[in-house]
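First up is the structure itself, then whatever we jot down about it.
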There are 2 protein chains.
Amino acid sequence: MTSPLILRLRHHGKLGDRAAQALLACRKRNRLVEPGHCLMRQAERTSSLFWIESGWAMRYRNLANGRRQILNMLLPGDICDLQGLIDTRADHSVKAMTAVMLCEVDPARFLQLLHDDPEVATSLLWSVVQEEGILREHIVRIGRRSARVRLAHLLLELVRRQALGGGPSDGLVEVALTREVMADCLGLTPVHVSRTLSELRREGLVVLEAQGRLRITDIDALAREADYDTRYLHLARPDHALDLAGAGQA
Amino acid sequence: MTSPLILRLRHHGKLGDRAAQALLACRKRNRLVEPGHCLMRQAERTSSLFWIESGWAMRYRNLANGRRQILNMLLPGDICDLQGLIDTRADHSVKAMTAVMLCEVDPARFLQLLHDDPEVATSLLWSVVQEEGILREHIVRIGRRSARVRLAHLLLELVRRQALGGGPSDGLVEVALTREVMADCLGLTPVHVSRTLSELRREGLVVLEAQGRLRITDIDALAREADYDTRYLHLARPDHALDLAGAGQA
DNA sequence: CGTGCTTTTGAGACGACTCAACCATTGTGG
DNA sequence: CCACAATGGTTGAGTCGTCTCAAAAGCACG
């Protein structure tokens with residue numbers, strides 16, 4: 001079975017088997033994190049670098065007034081995070097939502113590879129660009145959309161992202177999200193999320209399945225409702241991928 | 001006079017004169033953009049790379065319902081954007097708020113330098129990490145803070161950021177911001193921004209000066225009000241900057 | 001078959017929005 | 001140098017979306 005990291009990167013462009021193998025060979029060791037445990041803590045110094053092999057995590061920030069804002073979700077194949085290459089005091093925490101299998105990367109080996117293999121470098125750059133796009137989309141969602149659209153939009157994004165890493169692509173959200181998690185993601189209260197979700201369910205756009213997991217019944221209908229750009233995250237193959245090697249090894 | 005790019009990068013860590021010169025030498029040409037004109041348009045393909053030498057710009061997104069969300073402001077010394085290294089269809093626009101002087105970069109030369117000079121590579125990585133931090137802070141601001149705190153927090157950030165690029169550090173916001181711009185940044189309406197700003201002015205935290213420019217009269221007081229972490233953006237020198245060269249040229 | 005957690009539902013409050021009128025500033029042409 | 005237009009800012013009144021608090025209902029697990 002292919003690693004979700006490779007699956008995801010291959011949505012960006014060419015990543016040959018040799019490059020993929022080289023990337024996977026940067027793995028130092030695997031680590032299993034229990035649900036609810038932290039992969040990284042606010043104000044802690046870290047210089048670790050890893051990707052998510054399985055399970056979901058959340059990147060969030062606790063505020064002085066006790067509130068919480070989830071900044072992003074981390075799904076299988078996501079890298080967390082290039083910031084780890086720099087030794088900074090983290091301004092946020094990362095917590096496992098389910099059991100999470102991490103692949104820790106050997107930074108030196110990783111940088112070496114980045115330096116030597118243009119395919120890997122390009123893929124990783126794509127990955128960073130995609131992640132920034134996700135953050136921007138999140139800003140728009142929270143800043144200028146109603147609760148209903150926010151929620152629909154988030155669910156669509158998660159379903160799409162999990163598919164990129166090899167997860168289900170049939171509308172089922174593979175992880176049970178509590179109302180509180182969705183609320184902290186969307187800048188709402190759990191109560192209001194509950195109401196809004198009921199509304200979507202009443203209209204048959206979404207159903208609640210076993211273990212509290214959600215399923216989008218009609219992705220296109222929901223996407224229309226949510227002003228969701230289906231090209232988002234697609235990031236089709238570029239017409240002319242910039243050749244990082246060309247410059248680097250000239 | 002030193003370029004704001006160099007000033008800003010030097011807040012991150014060591015960037016010697018040789019490295020700084022090399023970075024500036026990547027400049028292909030300068031371009032002046034009139035206020036209100038776009039540096040980059042939503043859905044357009046771009047593969048340009050440049051930094052802001054003077055003036056302010058905004059990165060924003062227009063929604064289907066006619067609303068606008070400002071994603072970030074671009075100040076002198078900011079790079080816009082590494083994404084330009086990849087040929088993607090932009091999901092947002094960038095518009096000059098004032099007259100803006102751009103320094104266009106020769107991508108090939110830039111990548112070469114990134115590849116060869118570890119000091120430059122480290123600085124740029126810092127820069128990317130800082131930018132991500134700004135986006136995250138923006139999410140928290142919009143998601144979990146009241147109008148009053150949002151506004152205060154934004155002003156504090158802008159004042160700090162302009163100082164990093166060599167602008168005033170005395171609390172004066174060097175560019176006149178319309179209520180609408182602040183509103184589109186903060187996910188509010190111009191009317192409500194007006195009211196909120198009046199409130200801050202009535203309390204003497206902020207004053208309105210000539211040409212509609214704002215001045216924060218007591219930065220510390222406002223920072224306390226706004227739950228603003230003064231370490232934010234500081235990004236003090238790392239204890240042990242990871243040596244990108246060490247791995248790359250081993 | 002409790003026990004603890006999450007979800008749902010209801011009622012009322014409040015922050016931010018809308019619409020609309022008026023005011024202030026700046027720039028322009030007579 | 002003034003009158004005027006254009007733009008952006010302020011203020012008021014009423015509405016609406018989301019929040020708060022609280023209680024009850026589901027659900028999972030020991």
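Order of the sequence lines sets the chain letters (A, B, ...), proteins ahead of strands, with each chain counted from 1.
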Seminar exercise, completed: Applied to residues 141-160 of chain A, the ring-ring contact (aromatic ring centres under 6.0 Å, His included) test, sequence neighbours excluded, yields His153(A)-Tyr228(A)
For the pair [X] and [Y], find out whether any cationic side-chain nitrogen is under 4.0 Å from an anionic carboxylate oxygen.
X: Glu199(A); Y: Arg195(A); answer: no
X: Asp91(B); Y: Arg61(B); answer: no
X: Asp184(B); Y: Arg67(B); answer: no
X: Glu137(A); Y: Arg141(A); answer: no

Exercise. Base, backbone or nothing for each nucleotide of nucleotides 3-12 of chain C, written B, S, -, heavy atoms under 4.0 angstrom, 5' to 3'?
Worked result: ----SBBBB-
Exercise. Counting only N and O atoms by type, is there a donor-acceptor contact under 3.5 Å from the side chain of Gln69(A) to the main-chain atoms of Cys185(A)?
Worked result: yes
Problem set entry | Polar side-chain atom of Arg215(B) near backbone of Val173(B) as donor-acceptor pair, under 3.5 Å | no
For this session: Quick one: list whatever passes salt bridge (Lys or Arg N to Asp or Glu O under 4.0 Å) with Arg31(B), sequence neighbours left out.
Result: Glu104(B)
For this session: Taking salt bridge (Lys or Arg N to Asp or Glu O under 4.0 Å) as the test, write out the residues that go with Asp227(B), two or more places apart.
Result: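 For Asp227(B), the residues satisfying salt bridge (Lys or Arg N to Asp or Glu O under 4.0 Å) (neighbours in sequence not counted) are Arg145(B).
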For this session: For the helix from dC1(C)-dG30(D) to dA21(C)-dT10(D), figure out the bend between the end axes, five pairs an end, and round to 10 degrees.
Result: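 Between the axes fitted at each end of the helix from dC1(C)-dG30(D) to dA21(C)-dT10(D) lies an angle of 40°.
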Problem set entry | Whole-Å distance separating the CG atom of Asp184(A) from the P atom of dC19(D) |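 So the CG-P distance, Asp184(A) to dC19(D), works out to 11 Å.
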Using a cutoff of under 3.5 Å, can you pull out all pairs of nitrogen or oxygen atoms linking the protein to nucleotides 14-16 of chain C, with atom names and distances?
| from | atom 1 | to | atom 2 | distance (Å) |
| --- | --- | --- | --- | --- |
| dA16(C) | OP1 | Ala147(B) | N | 3.0 |
| dA16(C) | OP2 | His192(B) | NE2 | 3.2 |
| dA16(C) | O5' | His192(B) | NE2 | 3.4 |

Problem set entry | Considering all heavy atoms, the nearest Arg41(A)-Ala90(A) contact |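 Shortest heavy-atom contact: O-CB, 4.0 Å.
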